[in-house]
Q: 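Below you will find the structure I want to go over with you.
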There are 2 protein chains.
Amino acid sequence: MQLSCINFIDMIRRKTKKVETLINLFEQKNEALSVVDLTNRLSTQMNKTTVYRILDRLEQSGVVHSFNDSNGLRWYAKCNGCSATKHTDTHPHFQCTDCGTIECLSMEIPVPSISNRQINSVEIMLKGTCERCIS
Amino acid sequence: MQLSCINFIDMIRRKTKKVETLINLFEQKNEALSVVDLTNRLSTQMNKTTVYRILDRLEQSGVVHSFNDSNGLRWYAKCNGCSATKHTDTHPHFQCTDCGTIECLSMEIPVPSISNRQINSVEIMLKGTCERCIS
DNA sequence: AAAATTAATGCAACTTAGTTGCATTTACAA
DNA sequence: TTGTAAATGCAACTAAGTTGCATTAATTTT
Ligand SMILES: [Mn+2]
Ligand SMILES: [Mn+2]
Ligand SMILES: [Zn+2]
Ligand SMILES: [Zn+2]
């Protein structure tokens, strides 16, 4: 956990305090974080533009990857084994329609190829009710 | 083609000229249409608010379904065998990162269930280069 | 250590997709 | 024809995300 965090910092240009703050949030749980949530939670510590830019840098470094949910909001989740040059972690996500939480799933979902088309990435979002909201 | 179009109109409350215009656009190709594109193309024929509202009604009627692409734009595509009460057509989509076009795919991609979670829908987006842009 | 360079940040203004309220018009039924 | 409910237009609004530019902080060079 702590080790991978250090690896993360190695990938980006400057390991500032604010960058560390962002990375630590992603280390805590195996959940994605929405930018709206992050800018709110960090509003006293840094400007929202800074949040956007740090997330952008983290993505380019292969630390996190981004996607949009069906409400049009942008989310980020930590990558597993990606780098600045190789973004290969395309795990599926699960969003609870009750609480909005997005979990990162470790399952592999095989996708068939399509003739005459080049598939570069696959985004899979399962939607339903999460463990907490189901009971 | 023409028959299914008539079925479509039966599902919604009033078959106005503008509603027919929208439905006809979806009948033409097996491609999804972005709301931004639609409001632009129809800007001389109807207000953008009307476009949004008609699409909303068409979705509630089971004529089309909506989703968001990774650029945060909302898209609509025609449903296959859905109704106001049963939205079961969850076909995957393919978006070309060159031209932006989104195709509806007829393939079935099996998704495993997750313990302690209720999966209600699955959204799958393949990204890459389409037939036209690949050559 | 001081100066020079480069990256990171804050702030305000901006862009734009999508929504809302309300007045008006159109469609349909009584 | 009259009454009622749905559909539409228009303007104002909301909010996520972006951009430009001045300032600050970190790193490198001398
Ligand atoms: Mn990744
Ligand atoms: Mn459907
Ligand atoms: Zn939940
Ligand atoms: Zn293309």
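Numbered from 1 within each chain, the chains take letters A, B, ... in sequence-line order. If you're wondering where the values come from, they're calculated on a predicted model, not measured in any experiment.
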Q: If I take atom CG in residue A:D37 and atom P in nucleotide D:dA15, what distance separates them, rounded to the nearest angstrom?
A: 16 Å

Q: In whole Å, I'd like the distance from the CZ atom of A:R74 to the P atom of C:dA17.
A: 15 Å

Q: Enumerate, atom names and distances included, each donor-acceptor pair closer than 3.5 Å involving a side-chain atom of residues 122-133 of chain B, sequence neighbours excluded.
A:
residue : atom : partner : partner atom : Å
B:E123  : OE2  : A:K127  : NZ           : 3.2
B:K127  : NZ   : A:E123  : OE2          : 3.3
B:K127  : NZ   : B:S70   : OG           : 2.8
B:E131  : OE2  : A:N116  : ND2          : 2.9

Q: What residues form a side-chain hydrogen bond (donor to acceptor under 3.5 Å, both in side chains) with B:N30, not counting sequence neighbours?
A: none

Q: In whole angstrom, what separates B:L58's CG from D:dA6's C1'?
A: 15 Å

Q: Listed by chain and number, what are the side-chain hydrogen bond (donor to acceptor under 3.5 Å, both in side chains) partners of A:N40, not counting sequence neighbours?
A: none

Q: Rounded to the nearest Å, what distance is computed from the OH atom of residue B:Y52 to the P atom of nucleotide C:dG21?
A: 17 Å

Q: Quick one, give me the B/S/- string for nucleotides 7-13 of chain C, reading 5' to 3', where B means a protein heavy atom under 4.0 Å from the base and S means that only happens at the primed atoms, P, OP1 or OP2.
A: BSBBBB-

Q: Which residues pass the side-chain hydrogen bond (donor to acceptor under 3.5 Å, both in side chains) test with B:S43, sequence neighbours left out?
A: none

Q: Please report, rounded to the nearest Å, how far the P atom of C:dT16 is from the CG atom of B:N40.
A: 11 Å

Q: Which atom pair, heavy atoms only, marks the closest approach of A:E59 to A:H87?
A: O-CE1, 2.9 Å

Q: I need the CG-C1' distance between B:N71 and C:dG18, as an integer number of Å.
A: 16 Å

Q: Expressed as a whole number of angstroms, how long is the span from B:N68:CG to C:dT16:P?
A: 18 Å

Q: For A:Q118, what residues pass the side-chain hydrogen bond (donor to acceptor under 3.5 Å, both in side chains) criterion, not counting sequence neighbours?
A: A:N120

Q: Measure from CG on B:L73 to C1' on D:dT18 and round the result to the nearest Å.
A: 15 Å

